[in-house]
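Here's the structure we're looking at; comments come further down.
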2 protein chains.
Amino acid sequence: MARANLTSAAVIAAAAELADRDGFDTLTLSALARGLGVQTASLYSHVRDRAALIEGVHRLALGELADRIALAIGGRSGRDALTAFADTHRDYARQFPGRWTALQRPASAATVRSEPAGRLAALTLAMLRGYPLPETELVHATRLLAATVNGFLALQANGSITHRQPATEDSWQWALDALDTVFRSRDTEGKP
Amino acid sequence: MARANLTSAAVIAAAAELADRDGFDTLTLSALARGLGVQTASLYSHVRDRAALIEGVHRLALGELADRIALAIGGRSGRDALTAFADTHRDYARQFPGRWTALQRPASAATVRSEPAGRLAALTLAMLRGYPLPETELVHATRLLAATVNGFLALQANGSITHRQPATEDSWQWALDALDTVFRSRDTEGKP
DNA sequence: CGGACGTACCTAAATGCTTTAGGTTTTTGC
DNA sequence: GCAAAAACCTAAAGCATTTAGGTACGTCCG
């Protein structure tokens, strides 16, 4: 029988595809092995256990997302960049629901400190520097942005945003407007 | 042997406690049966399957959260009510991590349309009516608020908000300030 | 060119969870 | 006091995770 010649990366990539295609819950080592034409136990040479597999998908998704965001926000600033940033998140979640679910799972400290995670954080910071935010508030703004974007997509994914009027798309635009306004108006230190 | 005299509600309540105590992942019918001093198969008289059990915890949590929020925002308005609303969410997530995780899971259409879900939505709407928001934007504001609060807590839970400076608490306050500002400033229809 | 070594993959097996099927006992309602 | 309903049981099939130990393929070095 032809040998599959797997690597850790190949196994994780296959896991990501499986999760996107059949749903995150069906991401089992058995199903993965079946799809790869390999015995389940063989996968343990490439991946420590199921948790490590999921963490691998998480990290893969972080990198892919960072790549897309770098492309999307390049050359833009202000509201344009914000829209590109958020829409790229949304499109990624739509196109790769399994990977996106993996992104929502708790990550190890190593992953949080990993290169793709840092890159994504750096890109977000860079984009927010297009707004007149005091340096001390940049991290707050980063956290608010990440919370809002991910929270919105999570609400959508878990059905909390019903398909009633108004359309989800309108609320998305409204939320981005709100964030844009907040970030834009934060330089006025003294309130009237 | 004394009979446990379980009901569907009792099983779900025990599941919620188990999930809070030992983590959501250990919420298995086996562990639950063990804790209740009952055979695993017996639980299937009260709960259709594992997914239904989780959905039950989800619905239970919705009701509990709605109760707490009703208490917290009663008599308050504006920024006070907003803070109470958000902090109640945060405290609930802290105190009942298992139930809170259940809340993040996809829910069936029946749960989305359930009484506690409607109550929570109504409470949120009522609170936002304390702001000068046009009627047409109330739903947008509701969604933004839910997305931000849940997104922030999710970020915290999954480790994305590292324990570096500035403190998470400061970012939380900053985010609430931002939301308050947005909701407060939305009555100015024509931009200058 | 040929063996040695590492790696990819295998079989086998233990453990544990989910779920269905069907039987027994307790409670409840008339 | 009896019949029906509800609560609980045993048994068993099916699948997933994980460990242990073995076989075959490629590659590197003498």
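Just so we're on the same page: letters track the sequence lines, and every chain starts at 1.
Distances shorter than 4.0 Å separate none of the side-chain N or O atoms of B/Ser45 from OP1 or OP2 on D/dA7. Contact annotation: A/Arg34 side-chain N/O to D/dA16 OP1/OP2 distance is under 4.0 Å. Proximity of B/Ser30 to the phosphate of C/dT18: a side-chain N or O atom is located under 4.0 Å from OP1 or OP2. Remark: B/His46 is in phosphate contact with D/dC8, judged by side-chain N or O atoms under 4.0 Å from OP1 or OP2.
What separates CG of A/Leu29 from P of C/dC10 is a distance of 14 Å, to the nearest Å. For the pair A/Arg48 CZ and D/dT19 C1', the interatomic distance rounds to 15 Å; values are reported in whole Å. Regarding B/Ile54, its CD1 atom lies at a distance of 12 Å from the C1' atom of C/dT18, rounded to whole Å. In this entry the distance linking CD of A/Gln39 with P of D/dG22 reads 18 Å, nearest Å. At whole-Å resolution of the value, CG in B/Leu43 and P in D/dA6 are 18 Å apart. As a whole-Å value, the separation of A/Leu6 CG from C/dC9 P is 4 Å. For A/Tyr44 and D/dG22, the OH to P distance is 21 Å, given to the nearest whole Å. Going from atom CG of B/Asp25 over to atom P of C/dT18 covers 12 Å, rounded to whole Å.
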Tell me which donor-acceptor pairs under 3.5 Å the side chains of residues 22-39 of chain A have, and how far apart each pair is, sequence neighbours excluded?
from	atom 1	to	atom 2	distance (Å)
A/Thr26	OG1	A/Asp22	O	3.3
A/Thr26	OG1	A/Gly23	O	3.0
A/Thr28	OG1	A/Ala31	N	3.0

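Between A/Ile69 and A/His89, some side-chain heavy-atom pair lies under the 4.5 Å cut-off. The shortest side-chain heavy-atom distance between A/Leu176 and A/Arg79 falls under the 4.5 Å cut-off. No side-chain heavy atom of B/Tyr131 sits under 4.5 Å from any side-chain heavy atom of B/Leu138.
In the displayed structure, B/Arg21 atom CZ is contacted under 6.0 Å by more than 12 heavy atoms of other residues, nucleotides or ligands.
Contacts with DNA chain C (heavy atom under 4.0 Å) in residues 102-111 of chain A: none are found.
Residue contacts for A/Thr28: at a heavy-atom cut-off of 4.0 Å it reaches the sugar-phosphate backbone alone, with no base atom in range. B/Ala41 comes within 4.0 angstrom of a base, heavy atoms only.
Between B/Trp172 and B/Phe152, the angle of the ring planes goes over 60°, which puts this pair in the perpendicular group of the 30/60° scheme.
The OG atom of A/Ser108 sits 5.5 Å away from atom CZ of A/Arg59, with the distance rounded to the nearest 0.5 Å.
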